Amino acid sequence: MTEQKSRILIVDDERPNIQVLNAILQENYEISVALNGQQALKRALGGKKPDLVLLDIQMPDMDGFQVCQMLQEHPETRDIPVIFITAKSNEKDEERGLAAGAVDYITKPFGPVVVMARIRVHLELKRKRDILRNLSNKDGLTSIANRRRFEEFLEFEWQRAVRKGEPLSLIMADIDHFKLYNDHYGHGAGDDCLREVARSLSSVVSRQTDLVARYGGEEFICLLTGTDRDGALEVAQKMRETVEALGIPHAFSPVARTVTLSLGATSLVPQRDGKTAQELFLTADKALYQAKSTGRNKVAMLDGLDGGTGGRSATLKPVQEKQKILIVDDEQININVLRAIFQDTYQTVGTTSGNQALELARKEPRPDIILLDIQMPDMDGYQVCEALKDDPGTRDIPILFITVMSKETDEARGLRLGAVDYIPKPFDPSVVHARVNTHLTLRRTMTHLARRNTILEDALNMRESVERIVRNDLKQPLMDILHSTDQLLGAPDLPTSLKSPILDIQRSSFELMEMIAASIDLWKLERGVYGFEPRPVNITRIIQIVDKALEPLKTRKDKAIHMQSGHDPHTCQDMTQHTCPVMVQGDDLLCYSMLFHLIKNALEADPPGRPVSVILESIPEQGKEEAPKQGMEKVPQQGLEKVLQQGLEKVPQQGLEKVPHQCLEQDTGQESQLHREGPPRTRLSITNFGVVPLEIRTRFMEKGATWGKPQGKGLGAYSARLIAETMGTTLHVHIDDETQQTQIVLEWSA
């Protein structure tokens with residue numbers, strides 16, 4: 001796959017300047033241009049946002065400083081790095097540009113090699129920052145913003161609203177009686193419910209300047225910028241109505257028969273009066289409590305900051321320690337000058353030796369940034385930089401060269417080695433301070449994101465560990481419980497008084513098995529990274545357990561499953577009786593989940609009064625079979641090739657044609673013979689009356705393919721297919737429109 005090029009926006013009112021930059025960059029980057037500030041803002045906020053902006057200062061409508069400031073103030077563009085490329089070489093202009101939020105400042109005339117090197121540095125920093133921010137700001141279950149992202153967004157928008165004098169509105173929402181939902185429907189269904197609610201709330205709030213987040217558990221929160229009291233009330237009501245309209249069943253809720261929301265809202269215009277965003281949150285929280293305490297499934301609104309008491313306790317931010325700068329220069333006077341520049345803002349430590357610089361950089365606490373001279377006696381700055389970048393413990397510390405070596409080739413070499421900036425001597429103290437402050441801000445952000453990402457990874461690892469315990473450590477005891485309850489229920493001398501409690505134990509065990517199977521990570525199956533370890537599986541026993549687990553569905557739909565097992569379909573035994581176990585290579589839980597979905601789908605699709613047939617048979621080695629070959633529907637070329645390679649064979653029932661799952665075939669009764677030889681196999685066929693609807697036939701067993709199920713998500717057959725692929729089990733689908741039957745055939749090789 002071709003790697004997508006980074007997008008660069010060039011902003012300059014002089015076309016020749018644009019043409020020069022375009023000639024330098026067009027081979028490696030996707031370029032867009034703007035001739036003035038208004039165009040630049042429009043491009044930056046458009047559908048394809050730039051990854052970096054090259055910005056001139058002197059422009060007619062608004063200058064580059066104003067454009068940069070507006071980009072920094074907007075939540076959608078504030079993370080786009082801005083590099084000034086301008087003829088204004090005054091050091092005060094450079095200081096002003098960096099203070100406005102630019103990450104770099106290049107004066108004209110410039111060297112193409114230096115421009116390319118600086119752009120690469122800042123694009124790589126942005127790429128790493130974006131990855132960390134995306135991982136740490138997204139809720140893993142619902143894929144919307146998480147609590148951390150919301151708190152950052154609220155603080156930023158509060159300050160912006162203070163400056164602009166615009167209103168802010170906050171909505172808190174809580175799913176009514178969600179614990180009862182989890183207790184009765186299971187945590188798997190609870191997760192699905194949370195995802196559906198999150199999608200619905202996000203669909204109501206469509207502006208890019210607003211944010212919906214999962215605050216924790218079943219609680220969601222929404223910030224509406226530039227929205228007054230009436231607007232917030234309207235959005236909150238629409239949220240409530242949209243979730244109620246989902247119609248998610250909640251038979252155990254005292255409020256309604258479906259899932260509902262309680263919401264609390266508040267709105268105000270922030271002022272410079274000492275009030276904080278936390279107090280806005282407390283007011284919304286108090287409004288939510290009011291909605292829940294007065295009946296639920298409603299919206300409560302409180303005005304102003306009427307929530308100072310009785311709410312949640314505010315979280316105090318820790319005092320931030322000063323960041324540490326390591327200054328490396330063989331002239332002590334240069335170190336003293338730089339330390340004087342930073343002494344009021346940062347911690348500083350200096351050394352005149354490259355070797356000692358490496359020791360100090362590796363010593364805890366490590367420096368947050370290194371200011372490095374090039375010309376030094378023992379080892380030069382390039383060597384120090386290279387050694388730092390080769391060490392995993394120091395490679396992420398940003399390095400700024402401050403040196404008298406002012407050739408473009410020297411600067412390009414330093415940037416190629418991994419430095420983030422290059423400042424020639426003599427320097428202006430205010431410019432050095434501004435540049436260091438810019439990179440330390442980036443460093444602080446990256447460190448913060450990395451720390452949050454580590455916490456997130458730990459949480460995910462803990463979740464995976466718990467799920468592994470559930471899957472691996474609980475499934476065997478559950479299988480033993482199911483086996484023991486079967487034996488007890490089959491005992492002729494079982495007292496009648498014990499039958500009902502044993503059935504309750506068995507029913508609860510089936511529910512636990514379903515919950516464990518539902519916890520299988522679909523995304524791991526999709527990416528082929530599921531940890532599958534084949535082992536012998538008694539497939540006969542798995543089918544019997546699935547049959548018992550589907551007992552409520554069979555009763556509700558008045559359906560039956562005819563299960564048979566044997567070497568010959570004409571002499572098969574009833575599988576509900578004690579038959580000899582049929583062993584295959586697989587995994588107990590994966591086999592259970594796969595068969596549960598496939599047999600359940602067959603039951604749901606089967607018309608009233610018609611049984612579902614499940615036949616398990618062993619096919620001996622060197623078997624020869626007949627198969628229909630003609631009369632296939634049109635299939636994709638690659639699927640047809642698979643059919644020709646694998647061969648077609650006649651299956652036990654009704655002469656249904658056999659094709660891979662992605663190539664559904666229609667039987668017209670025309671047959672030809674095809675011989676097939678191979679190792680012994682175990683075959684399981686699941687047959688039901690009713691055919692796959694034409695509307696989804698071409699994508700049956702693909703993700704999201706569902707028909708006639710209002711609450712269906714199209715994941716059952718899809719996950720069964722992925723499980724079969726993971727275990728190396730062959731899966732075929734046969735459709736016979738003449739007899740109106742659908743058959744799923746699974747085969748395991750010996």
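These numbers come from a predicted model, not from an experiment.
Using cut-offs of 30° and 60° for the angle between ring planes, the His122 and His439 rings count as parallel. Note: Tyr382 and Phe401 have perpendicular aromatic rings, judged against thresholds of 30 and 60 degrees for the angle between ring planes.
Classification of Arg413 and Asp410 as a salt-bridged pair fails, no side-chain N sitting under 4.0 Å from a carboxylate O. The residues Glu241 and Lys238 are annotated as not salt-bridged, no charged nitrogen and carboxylate oxygen being separated by less than 4.0 angstrom. Using a 4.0 Å cut-off between charged nitrogen and carboxylate oxygen, Arg148 and Glu152 do not count as a salt-bridge pair. Ion pairing between Arg118 and Asp421 holds under the 4.0 Å rule for side-chain N and carboxylate O. Taking a cutoff of 4.0 Å between a charged side-chain nitrogen and a carboxylate oxygen, Glu94 and Lys88 do not qualify as a salt bridge. In this structure, Lys108 pairs ionically with Asp12, as a charged nitrogen and a carboxylate oxygen lie closer than 4.0 Å.
A side-chain donor-acceptor contact under 3.5 Å links Thr227 and Arg207. For the 3.5 Å distance criterion, the side chains of Tyr346 and Asn437 qualify, holding a donor opposite an acceptor. Side-chain atoms of Thr225 and Thr209 include a donor-acceptor pair closer than 3.5 Å.
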Val20 vs Ile24, side chain to side chain contact (heavy atoms under 4.5 Å, CB included): CA-CA, chis, key distance, verdict: CA-CA 6 Å; Val20 170; Ile24 296 171; 4.2 Å; yes
Audit row: Ile369, Phe342, side chain to side chain contact (heavy atoms under 4.5 Å, CB included) steps and yes/no: CA-CA 12 Å; Ile369 199 167; Phe342 299 112; over 6 Å; no
Check against side chain to side chain contact (heavy atoms under 4.5 Å, CB included), Leu415 and Val420: CA-CA 6 Å; Leu415 295 172; Val420 297; over 6 Å; no
Steps toward side chain to side chain contact (heavy atoms under 4.5 Å, CB included) verdict (Ile57, Phe84): CA-CA 7 Å; Ile57 291 178; Phe84 280 113; 3.6 Å; yes
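Heavy atoms from other residues, nucleotides or ligands lying under 6.0 Å from CD of Gln69 number 12 at most. The number of heavy-atom neighbours closer than 6.0 Å to NZ of Lys425, taken from other residues, nucleotides and ligands shown, is above 12. When the shell of 6.0 Å around CE of Met70 is examined, it contains 12 or fewer heavy atoms from other residues, nucleotides or ligands. Summarising the local packing, NZ of Lys126 is surrounded by more than 12 heavy atoms from other residues, nucleotides or ligands at distances under 6.0 Å. Annotation for Glu124: atom CD counts as buried by contact number, over 12 foreign heavy atoms lying within 6.0 Å.
For the pair Asp61 (side chain) and Gly37 (backbone), a donor-acceptor distance under 3.5 Å is present. For the pair Thr77 (side chain) and Leu71 (backbone), a donor-acceptor distance under 3.5 Å is present. A donor-acceptor distance shorter than 3.5 angstrom exists from the side chain of Arg443 to the backbone of Asp396, with no hydrogens or angles considered. Remark: side-chain polar atoms of Ser200 are not paired, donor with acceptor, to backbone N or O of Val243 under 3.5 angstrom. A side-chain donor-acceptor contact under 3.5 Å links Asp368 to the backbone of Lys324. Checking side-chain atoms of Gln323 against main-chain N and O of Leu440 turns up a donor-acceptor pair under 3.5 Å. Glu30 places no side-chain N or O within 3.5 Å of a backbone atom of Lys5 that could act as its donor or acceptor partner. Put simply, the side chain of Arg43 never gets that close to the backbone of Ala34: no donor and acceptor are under 3.5 Å apart. With hydrogens and angles disregarded, no donor-acceptor distance shorter than 3.5 Å links the side chain of Asp63 to the backbone of Gln58. For the pair Thr283 (side chain) and Glu279 (backbone), a donor-acceptor distance under 3.5 Å is present.
Both cation-pi conditions hold for Arg78 and Phe156: the charged atom is under 6.0 angstrom from the six-membered ring centre and inside a 45 degree cone around its axis.
Taking the ring-ring contact (aromatic ring centres under 6.0 Å, His included) definition, one finds that Phe153 meets it with nothing, sequence neighbours left out. Among residues two or more places apart in sequence or in another chain, the side chain to side chain contact (heavy atoms under 4.5 Å, CB included) test is passed with Glu244 by Arg240, Thr258, Thr260, Asn297.
Between Phe150 and Phe281, a ring centre-to-centre spacing not shorter than 6.0 Å is recorded.
The structure places OG of Ser267 at 6.0 Å from CG of Asp228, a figure rounded to the nearest 0.5 Å. For the atom pair CD1 (Ile402) and CD1 (Ile370), the distance works out to 12.0 Å, reported to the nearest 0.5 Å. One distance of note links CE of Met116 with CG of Leu25; it measures 6.0 Å at 0.5 Å rounding. Put simply, NZ on Lys138 and CD1 on Ile144 are 11.0 Å apart, with the number rounded to the nearest 0.5 Å. Taken from CD1 in Ile8 to CD1 in Ile119, the straight-line distance is 4.5 Å, to the nearest 0.5 Å. Once rounded to the nearest 0.5 Å, the distance linking CG of Asn17 with CG of Asn22 reads 12.5 Å.
Among all heavy-atom pairs drawn from Ser262 and Leu288, the shortest one is O-CD1, 3.3 Å. Between Glu166 and Pro270, the shortest heavy-atom contact is O-CD, 3.4 Å. Nearest heavy atoms, Asp210 versus Leu224: OD1-CA, 3.4 Å. In this structure, Ala287 and Ala300 approach most closely via the heavy-atom pair O-CB, 3.3 Å. Closest of all the heavy-atom pairs between Ser203 and Thr242 is OG-CG2, 4.4 Å. Here the closest non-hydrogen pair linking Val259 and Cys193 is CG2-SG, 3.9 Å.
No side-chain heavy atom of Leu52 sits less than 4.5 Å from a side-chain heavy atom of Ser6. Contact annotation: the side chain of Leu261 never approaches that of Asp174 to less than 4.5 Å [non-hydrogen atoms, C-beta and beyond]. In this structure the side chain of Ile171 never reaches within 4.5 angstrom of the side chain of Ile221, judged on heavy atoms. For the pair Lys286/Thr266, no side-chain contact is recorded, criterion being any heavy-atom separation below 4.5 Å from C-beta on. Under the 4.5 Å side-chain criterion, counting only non-hydrogen atoms from C-beta, Leu123 is in contact with Tyr29. The shortest side-chain heavy-atom distance between Glu151 and Tyr215 falls under the 4.5 Å cut-off. Looking at Arg147 and Arg214, their side chains never come closer than 4.5 Å, going by heavy atoms from C-beta outward. Contact annotation: the side chain of Tyr105 never approaches that of Arg96 to less than 4.5 Å [non-hydrogen atoms, C-beta and beyond].
When each of Leu55, Val103, Val53 is paired with Ile83, the side-chain contact (heavy atoms from CB on, under 4.5 Å) condition holds for Val103 and for no other. Under the side chain to side chain donor-acceptor pair (under 3.5 Å) test applied with Ser430, the options Glu95, Glu91, Arg435 reduce to a single match, Glu95.
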